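Naming: A, B, ... by sequence-line order, numbering from 1 per chain. Here the structure is a predicted model, which is why all the values come from computation and not from measurement.
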2 protein chains.
Amino acid sequence: MSDVAKAAGVSAATVSRALRGEPGVSEATRQHVSDVARRMKYAIARDASSLAGGRRYAIAVLTSTVSPLLAGAEGALRQAGYDVLLYVLGDSTSRQRFFDENPLGRRVDGVLLLSMNLTEAESAGLAELAVPTIAIDDNDLRDSVRVAAEHLIALGHRDIALVLADGVDESYDEILVQAGLDVPPEWTVWCSPTVDGGEQVVEVLLDGPRMPTAVISSSGAAAVGIFLRVQRDGRSVPEDVSIVSLDGQEITRVVGLTAVEGAFREQGEHAVADLLTLIRGGEVTPADQPLRLIVRNSTTRVR
Amino acid sequence: MSDVAKAAGVSAATVSRALRGEPGVSEATRQHVSDVARRMKYAIARDASSLAGGRRYAIAVLTSTVSPLLAGAEGALRQAGYDVLLYVLGDSTSRQRFFDENPLGRRVDGVLLLSMNLTEAESAGLAELAVPTIAIDDNDLRDSVRVAAEHLIALGHRDIALVLADGVDESYDEILVQAGLDVPPEWTVWCSPTVDGGEQVVEVLLDGPRMPTAVISSSGAAAVGIFLRVQRDGRSVPEDVSIVSLDGQEITRVVGLTAVEGAFREQGEHAVADLLTLIRGGEVTPADQPLRLIVRNSTTRVR
DNA sequence: CTGTTAGCGCTTTCAG
DNA sequence: CTGAAAGCGCTAACAG
């Protein structure tokens, strides 16, 4: 930086202010400094900036799974000039360890949570960081459940099971109850968000006294597993069991599953934009993202 | 750190040495300092360490796509105490920008490349960083192509097309040529590593004077696209066209495609281990990972 | 084996 | 609006 300062004929402090867009620099000086810096291919050393109490130029992204959403968020953050510190907190071990150690202190300018569904204690831990945080998670899932349920209810279904991916901490059966359905507790089940997980969960669902006529799965891969397993068991989809995925992964499209899209995907960039606004000291109002119900071949009128 | 030093009754330098496992500290002192540090929940400030010329405690992970491999690598790096700086360099725009700007200078202790297939120029750029680099990419793909080709040749196929994902810079038809096959250039084609990409590429392949009897696809999703499109065109798989995927994504399993597994997946952790060895100044010899051919329903004897 | 002394490259008062 | 000086929390070179 002092080289740039020398080349531009100003002090390092002025270079610092100019490059960061701090007020108190004449427009002419700022322009000149910027030009020189660009010419010299100079970039602020983030470590030093951070150490001196300035910005850290880094955002922590905590995600429960590596999804396309992550790619979207990464791109948006990168473009805004932030480093992406990735934490994949899929299983409860790594997750617990993270929140025990709380390793983010004084290291990031903000936190982006992707489908993390924090508990109160976890939220409190992050709050100690005193940096802006944006979460994309269960509120969206909540709406998705509602959209899926409405679709199924319109088709006459009354017996609907809910398959939630590990890491989804809350239950959502109250949404179904609100819709006037009777929801036995054994119809809310958790499984790993994989095809295998979906296959396994079908066994549990078949064990109960009653069989649901429809299943809503938060995970696209699990929905596929359910689809495969139900068929292998000699039942047909959608005639015997309708399936709705709440995640529009490509795999659901290939298999032809009805899905609610929009909850996870497109929100990455939107969330990043909000986060950056917060970091700059602005305010954000949560704008509702439209959810799209894509009806394919895995749902039909109950018989 | 000076607080810890005071509490432990030593100097900051000794704390630094003790905590980093540097030689020149008595085992008793190291133990004592460690205890005090743990009790005070002290952790080295990475920024300051980095600025002072020490380790940076960060590894850049460059990946062309967010895959399960990424999750594996992240976990292994995290466990070793490194931050993961994520760069998703999927499209050529972001990729080019990255290598133009070379933003990693003096910021990471190592680089992990996941399916990046660097060009010479790109490799040279990274080499300037002067930090250990490990790549998981085309060498593995090369072996995969060979395994797939051997399988198809054993089934009597002589007309084999190669579909490579964007970002795969090299062609691999010489592997087929070595196997004694005649490989017209129009049978090596590139497409985006998505179902859509695979569907589109089928059109190109059908345009030529001759139709291949088998297709090898580096991308699992594209393989599925090829599978779907070929069938939609009224041809059957595998009777008219055999398909082998070189990527054992879950989706290929669901659709029932023959695949060569092991090239991309399990190598994440292995690569991280190698990288850490390099960082510590050790040597690594590339150990061959076994590739597994999983024969499913998309390949059969040529008729 | 341990302590002391200089910075690393910034940002931030505080003066001018 | 700009500059000088102090210091962020560490590591490294040098003494002892």
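Using a cutoff of 4.0 Å between basic side-chain nitrogens and carboxylate oxygens, B/Arg97 and B/Asp100 are not scored as salt-bridged. Classification of B/Asp83 and A/Arg107 as a salt-bridged pair holds, one side-chain N sitting under 4.0 Å from a carboxylate O.
Residue B/Ser11 has a polar side-chain atom (N or O) positioned under 4.0 Å from OP1 or OP2 of C/dG3. Taking only side-chain nitrogens and oxygens, B/Tyr57 never comes nearer than 4.0 Å to OP1 or OP2 of D/dC10. Between A/Arg17 and D/dC1, a side-chain N or O to OP1/OP2 separation shorter than 4.0 Å is absent. Proximity of B/Ser2 to the phosphate of D/dG9: no side-chain N or O atom is located under 4.0 Å from OP1 or OP2. Using a 4.0 Å cut-off, no side-chain N or O of B/Thr14 falls inside it from OP1 or OP2 of C/dC1. At C/dT11, one or more side-chain N or O atoms of A/Ser49 fall inside 4.0 Å of OP1 or OP2 (strictly under the cut-off). Here B/Ser26 reaches the OP1 or OP2 of C/dT2: one of its side-chain N or O atoms lies under 4.0 Å away. The side chain of B/Arg20 places an N or O atom within less than 4.0 Å of a non-bridging phosphate oxygen (OP1 or OP2) of D/dT11.
Atoms CD1 (B/Ile44) and P (D/dT11) sit 5 Å apart, rounded to a whole Å. Spacing between atom CG of B/Leu19 and atom P of D/dC10 amounts to 10 Å, rounded to whole angstrom units. Atom CD in B/Glu22 sits about 16 Å away from atom C1' in C/dG3, given to the nearest Å. What separates CZ of B/Arg56 from P of D/dT11 is a distance of 12 Å, to the nearest Å.
Checked options B/Leu85, B/Val131, B/Ile279; the residue passing with B/Ile59 is B/Ile279 (criterion: side chain to side chain contact (heavy atoms under 4.5 Å, CB included)).
Using a 4.0 Å heavy-atom criterion, one finds that A/Ala45 contacts the sugar-phosphate atoms exclusively. At the heavy-atom level, A/Gly24 lies under 4.0 Å from base atoms of the strands shown. Here B/Thr29 lies in heavy-atom contact (under 4.0 Å) with sugar-phosphate atoms only.
The number of heavy atoms from other shown groups lying within 6.0 Å of CD (A/Glu101) is above 12.
Contact of the B/Leu126 side chain with the B/Leu118 side chain is registered, since non-hydrogen atoms from C-beta on lie closer than 4.5 Å.
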